[in-house]
Amino acid sequence: RLAYWWRFLRRWVRPGRGMADGTALLLDHLPPDDHSTETAYASAESGDGIGADPTNSTCPHDGATSEAGPEPAKRETLGLWRRASFVWSPILLTFALVITYYDIANGTTTAFGYNRSGVTSVPIIVVNIILFTVLLCWVAALEGSQVALVALFRCPSSAMDAASARVKRAITAAHRDQNLERFIIGRQFLLVFLVFVVSKISSHEPSTGPLNPFGWKWPPEADVVLIQNNLLLMLVIAQAQLIGQLVAARDPVHFLKLVVQPYTICIAPSLLLETTGIMHCAYVLKDWFVWVSGVEVDPRTVMRKTGLYYARAAFSVLLVLFCAVVVSQGVVQSKTHASVGAGWDALPGWGAYILFLFFLVVIGGCEGLQISAVKLKAAPSEESKASVASRGLTLLHGHPTPKLQHFLVGRQLFAAVCYVLLARCTSFSGNNGEINGGFYGWHRGASAVLLQSGLLGSILVTNVGVLAWRVAASCFPKAFMNNWPAYGLLRAVLGTEATGVIASAWVLSGGLEWVTRPRR
């Protein structure tokens, strides 16, 4: 048995194998000069349809080659630390999962229905454990389905011959008219809200004291960093998102087969949320930025300007303004979890608000950088030779070891960290609709649904912290990258990925594909 697993690990870690470095797994079927899956992987999260034009991408199944002919792909020489990270990173992820599930089962989190002053009943604990697991799998399915559907946008029908009837139905529905654009927008809000709910279910309740898993008492500093500030939870969420993305980028049709009902689980809920008009202000920003910049867009990504469209756009703008006012008031008045917990309780309201804005800028910068990097890669060299921007582009696309895929993987960890911290900053404290000191006379039911669940916060983060930055970067990519803060953020993301803390995503995605792929 040990020899079997040793051969399995060597297969995925040895040099030349797709998962050996941080770039080759997603590009295994492509020649070195035609990284269409790489473009699809980045554009799949653009959320605005013009971040990276999917109509110019190549199908990952068509075997296209560059004009110079196929060349052997250059693999990055792995160092000892990166090889070791494929071993210790899965161990770290296992530890994070065990501690997270133990915290939920112990009844010491901020999960729904937990009794803060007494013992929580077993059925409620079981429901929250099941809910946490299901939502985590849903997050992975949403991430992977977006990558898969964008990658298949320009594939010929022959590439989907092996797809089942339900997968073909999902692909057809997502590619009809403007549905792909609508799916990306609706999926983004659904993803942010699910991450907010997962964070609420599994975040440790400060009033319950330190967590001593299985009777093991660890140092108070470790409890504050790993448990009270959700560091282990951030690793779990980031890995769930990355596993879905990496499997879908390698084989989109195979991933959609793994999702039992891709249309019912991913596409239909996203389209339904987009229909409500909650995110329509992103379309307004997109039209305005396109008019200012003069960029050309694919007509299939332009929404029909009907009376209903303008009504939804006006509703979305007013809703975002309302969310911004309510959340800002809650943060400044120390009514949210940004003022509760070890290290947070001493933070004044204005300090918590500055942190809230800082996290919004960080996640927006990460979202915009990936759009700018992909768009400037295809631009003529003389258009992208600005001093600071050229440094970043050389770092991401330079030879012999491009770092774009390293950046995309590291960016996902930064996004998960910011999502969890923003969930803390925007979700109101208290329980069952009761907010300490009250909040402008809000009804308990409305407080529980809108404030304590993080719903208003997720609407604000999706529109202001994610979609707005993506649209701006897609229209002004040079301006977005040509500054030192953006370059510093790029370096920070690459440095975080180089630590290997999320290397288990490569191992688990490769293992999932190896286990689920049918054999002759």
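Along the sequence shown, the residues carry numbers beginning at 1. FYI, side chains are in, hydrogens and waters are out, and symmetry mates aren't considered; it's all heavy atoms of this structure.
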Residue pair Val292 / Phe476: nearest heavy atoms and the distance that separates them: CG1-CZ, 3.9 Å

Donor-acceptor pair, side chain of Ser458 and main chain of Leu455, under 3.5 angstrom: yes

Aromatic plane relationship, Tyr309 with His280 - under 30° parallel, 30 to 60° tilted, over 60° perpendicular: tilted

Residue pair Thr516, His254: steps toward the side chain to side chain contact (heavy atoms under 4.5 Å, CB included) verdict: CA-CA 9 Å; Thr516 57; His254 178 64; 3.0 Å; yes

Flag, side chain of Thr264 to backbone of Gln261, donor-acceptor distance under 3.5 Å: no

Any side-chain heavy-atom pair of Val417 and Phe359 under 4.5 Å: no

His337 and Ser203: side chain donor to acceptor below 3.5 Å: no

Atom CH2 of Trp350: over 12 foreign heavy atoms under 6.0 Å: no

Sole candidate of Leu191, Leu190, Val192, Val197 that passes side chain to side chain contact (heavy atoms under 4.5 Å, CB included) when paired with Leu194: Leu190

Sidechain-backbone polar pair: Thr109 side chain, Ile201 backbone, donor-acceptor under 3.5 Å: yes

Mutual orientation of the aromatic rings belonging to Phe214 and Tyr102 [parallel < 30°, tilted 30-60°, perpendicular > 60°]: tilted

Side-chain heavy-atom pair Cys425, Tyr353 within 4.5 angstrom cut-off: no

4.5 Å side-chain heavy-atom contact, Met279 and Thr462: yes

Donor-acceptor pair between Ser199 and Tyr419 side chains, under 3.5 angstrom: no

Polar side-chain atom of Asn212 near backbone of Lys217 as donor-acceptor pair, under 3.5 Å: no

Short side-chain to backbone donor-acceptor contact, Ser429 and Lys335, under 3.5 Å: yes

Side-chain H-bond candidate by donor/acceptor type, Gln239 with Ser504, under 3.5 Å: yes

Ala282 to Asn463 - nearest heavy-atom pair and separation: N-OD1, 4.5 Å

Whether Asn483 side chain and Ala486 backbone form a donor-acceptor pair below 3.5 Å: yes

Exam field: side chain Ser316 to backbone Arg312, donor-acceptor pair closer than 3.5 Å: no

All side chain to side chain donor-acceptor pair (under 3.5 Å) counterparts of Glu274, not counting sequence neighbours: Arg182, Tyr283

Residue pair Val167 / Ile171, side-chain heavy-atom distance below 4.5 Å: yes

Val409 side chain reached by Ile502 side chain, heavy atoms, under 4.5 Å: yes

Thr499 (side chain) donor-acceptor with Thr496 (main chain) under 3.5 angstrom: yes

Check: Glu143 side chain, Leu242 main-chain N or O, donor-acceptor pair, under 3.5 Å: no

Leu508 side chain near Leu246 side chain, heavy-atom distance below 4.5 Å: no

Note, Leu421 side chain near Phe356 side chain (heavy atom, < 4.5 Å): no

Side-chain donor/acceptor of Trp469 to backbone N/O of Val464, under 3.5 Å: yes

Distance-only polar pair, side chains of Thr108 and Asp103, donor-acceptor under 3.5 Å: yes

Closest contact, heavy atoms only, Cys266 versus Phe183: O-CE1, 3.6 Å

Trp218 CH2: over 12 foreign heavy atoms closer than 6.0 Å: yes

Derivation of the salt bridge (Lys or Arg N to Asp or Glu O under 4.0 Å) call for Glu367 and Arg411: CA-CA 8 Å; Glu367 298 290 346; Arg411 183 209 67 87; 3.1 Å; yes

Side-chain heavy atoms of Trp442 within contact of Leu450, under 4.5 Å: yes

